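Single-structure report; data block below.
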Amino acid sequence: MGKALDGVRILDFTHVQSGPTCTQLLAWFGADVIKVERAGAGDITREQLRDIPDADSLYFTMLNHNKRSVTIDTKNPEGKLVLEALIQKCDVLVENFAPGALDRMGFTWGRIQELNPKMIVASVKGFGPGPYEDCKVYENVAQCVGGSASTTGFDDGPPVVTGAQIGDSGTGLHLALGIVTALYQRTMTGRGQKVLAAMQDGVLNLCRVKLRDQQRLERTGVMKEYPQYPNGTFGEAVPRAGNASGGGQPGWILKCKGWEHDPNAYIYFITQAPVWVKICNVIGKEEWATDPEYATPTARLPRLKEIFAEIERWTMTKTKFEAMEILNKYDIPCGPILSMKEIAEDDSLRKTGTIVEVDHPVRGKYLTVGNPIKLSDSPTDVTRSPLLGEHTDEVMAELGYSREQIEALRTAGAI
Ligand code: CAO
């Protein structure tokens, strides 16, 4: 079966995490992704956080599946010519260099358009146009400036960054959508365009509900589903809400059997209004189902701490999996806190291709996260990440270079 993006050629000038997550997705959908790296060095993540000497790190391998790697020194005049040939052959150039780096290399938007007016140039930057547009940005900086850190954690503690890489992988995902959208528009206009995904914007997009709450707070001075209500105080800005649900159905993380020695023996429990009576029955508080102090969502809001404490008395008598099984029978929304170890060993995730085992010639077998987006007519086969420059000769030959020319460029340090 063909792939959704068969025939689309991506000039992948990305490094570290945000850009590579984007181009990996495009590769999984069938695009031919040609990753350009510096000879002898390559993407810096090849050697970051190494767990096996001389093998490409998991950081690199897990972000660069299904791609080809070519080495080009794009500051070498002859290397620049090779890059120009690639620009003419490809549909999309994706980059996440520090602001201005592509221009300094000589590949301005104007120059790229001269070479290929159909080229889509897609960039991840830390910030959009404005006072910080020239700044370099990494994941946690994006989480801090995008509203995530100030709204994550507990009220009595400092701002907290989340383990989910919403700044890098999240922005990569935004950029991928921008690219396929621009490719679609190009089918009608015949023209390329610039696509920009700023990490601050991407994080803020994922923190949309917190900007909602900021405006609710300004209007009413209180948010009744927040743990600060009814006894705490609200300031001028959305406070950190601990484990409270971001939506209209109150939830919290509760201890389960074994919590004293297992840091993940917890369950997320949602007191969804339509199943309130069932919750009361399960935890043995049948009287709450009809008691006007507890029977309606509004009546419960000032009592959430007490209610969750009572539910926790029940969850502590069950393991998180036992609790999940019982609660699901009654359609009570909940979820065990799964450790990475449990996720890695989860058979159902392996069956769906969400967790994939990959074989690598240097590091051997390792686990990765497969394509989280499943297309019924474009299934994903995850193949290993390329070795540095593994496809240089192959791609150069496709560009029309002879064996002798390739060797001469290599001797000149251009590839
Ligand atoms: N040949 C020759 N030179 C090359 C090259 C190649 N194949 N590939 C890259 N280079 C050069 C660049 O041209 C740049 O040179 P100049 O500084 O002289 O212009 C240089 O390598 C370094 O690029 P960089 O500034 O992007 O890299 P850095 O390690 O200093 O910064 C980062 C890294 C991520 C902070 C920065 O790239 C950035 O802010 N990117 C945008 C935001 C982003 O994506 N952040 C998330 C990264 S994932 O956590």
Side-chain angles (χ1 to χ4, degrees), residues 3 5-48 55-76 79-80 82-98 101-102 105 107 112 116 119-124 168-169 171-173 175-176 179 195 358 360-363 368 371 380-399 401 406 409-410 414-415:
K3 295 279 161 65
L5 295 182
D6 271 347
V8 174
R9 272 190 293 258
I10 310 282
L11 174 46
D12 181 8
F13 231 159
T14 68
H15 64 157
V16 201
Q17 186 183 161
S18 63
T21 56
C22 165
T23 51
Q24 178 170 260
L25 275 172
L26 301 174
W28 280 338
F29 290 133
D32 176 13
V33 175
I34 302 167
K35 182 168 174 107
V36 176
E37 297 175 85
R38 241 180 306 201
D43 188 324
I44 194 169
T45 60
R46 283 189 187 266
E47 60 175 35
Q48 276 181 341
D56 286 333
S57 71
L58 286 166
Y59 196 2
F60 178 84
T61 53
M62 291 178 71
L63 292 168
N64 289 284
H65 293 104
N66 297 60
K67 303 181 185 178
R68 300 199 279 172
S69 165
V70 301
T71 50
I72 306 174
D73 180 348
T74 56
K75 289 186 175 163
N76 174 306
K80 278 187 203 297
V82 179
L83 194 71
E84 287 184 1
L86 268 174
I87 289 173
Q88 281 163 331
K89 196 176 160 75
C90 289
D91 300 281
V92 186
L93 185 158
V94 192
E95 63 92 20
N96 67 312
F97 290 128
L102 201 58
M105 250 181 233
F107 294 98
I112 293 170
N116 179 358
M119 173 65 90
I120 290 158
V121 177
S123 304
V124 169
D168 279 338
S169 292
T171 309
L173 194 51
L175 190 71
I179 290 169
V195 180
V358 184
H360 185 277
V362 185
R363 72 163 31 258
T368 195
N371 192 346
T380 298
D381 309 305
V382 178
T383 60
R384 70 166 173 86
S385 58
L387 302 175
L388 179 60
E390 185 176 346
H391 305 95
T392 305
D393 289 23
E394 178 182 298
V395 170
M396 295 291 289
E398 286 168 16
L399 290 173
Y401 288 85
I406 296 171
L409 284 168
R410 189 163 280 132
I415 59 172

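Bear in mind the structure is a predicted one, so any value in this text is a computation, not a measurement.
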**Prompt:** Using 4.0 Å as the upper bound for N to carboxylate O, is an ion pair formed by Arg68 and Glu394?
**Reply:**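 Here Glu394 pairs with Arg68 in a salt bridge, since their nearest N and O are under 4.0 Å apart.
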
**Message:** Strictly below 4.0 Å, N to O, side chains only: are Asp32 and Lys89 in salt-bridge contact?
**Reply:**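 Judged by the 4.0 Å cut-off on N to carboxylate O distance, Asp32 and Lys89 do not form a salt bridge.
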
Going by side chain to side chain donor-acceptor pair (under 3.5 Å), name the residues that satisfy it together with [X], two or more places apart in sequence or in a different chain.
{"X": "Arg363", "answer": "Asp51"}
{"X": "Asp168", "answer": "Gln17"}
{"X": "His65", "answer": "Gln24, Tyr366"}
{"X": "Asp91", "answer": "Arg186"}

**Request:** Apply salt bridge (charged side-chain N to carboxylate O under 4.0 Å, His left out) to Glu390 and Arg384, showing your working.
**Result:** CA-CA 12 Å; Glu390 185 176 346; Arg384 70 166 173 86; 2.7 Å; yes

May I ask you to decide if [Y]'s main-chain N or O and [X]'s side chain share a donor-acceptor pair within less than 3.5 Å?
{"X": "His391", "Y": "Pro386", "answer": "no"}
{"X": "Thr392", "Y": "Val70", "answer": "no"}
{"X": "Ser57", "Y": "Thr45", "answer": "yes"}

**Exercise: identify the closest heavy-atom pair between Cys22 and Ile179** =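 Smallest heavy-atom distance, with atoms named: SG-CD1, 3.6 Å.
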
**Item:** Residue pairs passing the salt bridge (charged side-chain N to carboxylate O under 4.0 Å, His left out) test where at least one lies in residues 12-31, sequence neighbours excluded
**Value:**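 Salt bridge (charged side-chain N to carboxylate O under 4.0 Å, His left out) check on residues 12-31 returns Asp12-Lys67.
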
**Item:** Pairs flagged by salt bridge (charged side-chain N to carboxylate O under 4.0 Å, His left out) wherever residues 14-24 is involved - sequence neighbours left out
**Value:**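 Listed once each, the pairs would be none.
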
Rounded to the nearest 0.5 Å, how far apart are [atom1] of [X] and [atom2] of [Y]?
{"X": "Arg38", "Y": "Ile44", "atom1": "CZ", "atom2": "CD1", "result": "9.0 Å"}
{"X": "Ile120", "Y": "Leu11", "atom1": "CD1", "atom2": "CG", "result": "13.0 Å"}
{"X": "Leu102", "Y": "Ser123", "atom1": "CG", "atom2": "OG", "result": "7.0 Å"}
{"X": "Leu93", "Y": "Asn116", "atom1": "CG", "atom2": "CG", "result": "10.0 Å"}
{"X": "Leu63", "Y": "Ser169", "atom1": "CG", "atom2": "OG", "result": "6.5 Å"}
{"X": "Thr23", "Y": "Ile34", "atom1": "OG1", "atom2": "CD1", "result": "12.0 Å"}

How would you list, by chain and number, every residue that makes a salt bridge (Lys or Arg N to Asp or Glu O under 4.0 Å) with [X], sequence neighbours excluded?
{"X": "Lys3", "answer": "Asp381"}
{"X": "Arg46", "answer": "Glu37, Asp56"}
{"X": "Asp73", "answer": "none"}
{"X": "Asp6", "answer": "none"}

**Request:** Please examine the side chains of Thr61 and Thr368, heavy atoms only from C-beta on, and report whether any two atoms are closer than 4.5 Å.
**Result:**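 A side-chain contact is absent here, since even the closest heavy-atom pair is not under 4.5 Å.
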
**Message:** For a 4.5 angstrom cut-off between non-hydrogen side-chain atoms, does Glu47 reach Phe60?
**Reply:**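 With C-beta onward as the side chain, the pair stays apart.
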
**Request:** Applying side chain to side chain contact (heavy atoms under 4.5 Å, CB included), name anything that partners Thr74, two or more places apart in sequence or on another chain.
**Result:**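 Listed in chain order: Phe13, Val36, Ile72, Leu83, Met105.
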
**Those residues that, when tested against Leu409, pass side chain to side chain contact (heavy atoms under 4.5 Å, CB included) (two or more places apart)** =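 If we apply the side chain to side chain contact (heavy atoms under 4.5 Å, CB included) test to Leu409, skipping adjacent residues, the hits are Glu78, Val82, Met396, Tyr401, Ala414, Ile415.
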
**Item:** No-hydrogen, no-angle side-chain donor-acceptor test under 3.5 Å, Asn371 and Thr380
**Value:**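 Indeed, the side chains of Asn371 and Thr380 share at least one donor-acceptor pair under 3.5 Å.
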
**Request:** Carefully, step by step, assess Leu173 and Thr21 under the rule side-chain contact (heavy atoms from CB on, under 4.5 Å).
**Result:** CA-CA 7 Å; Leu173 194 51; Thr21 56; over 6 Å; no

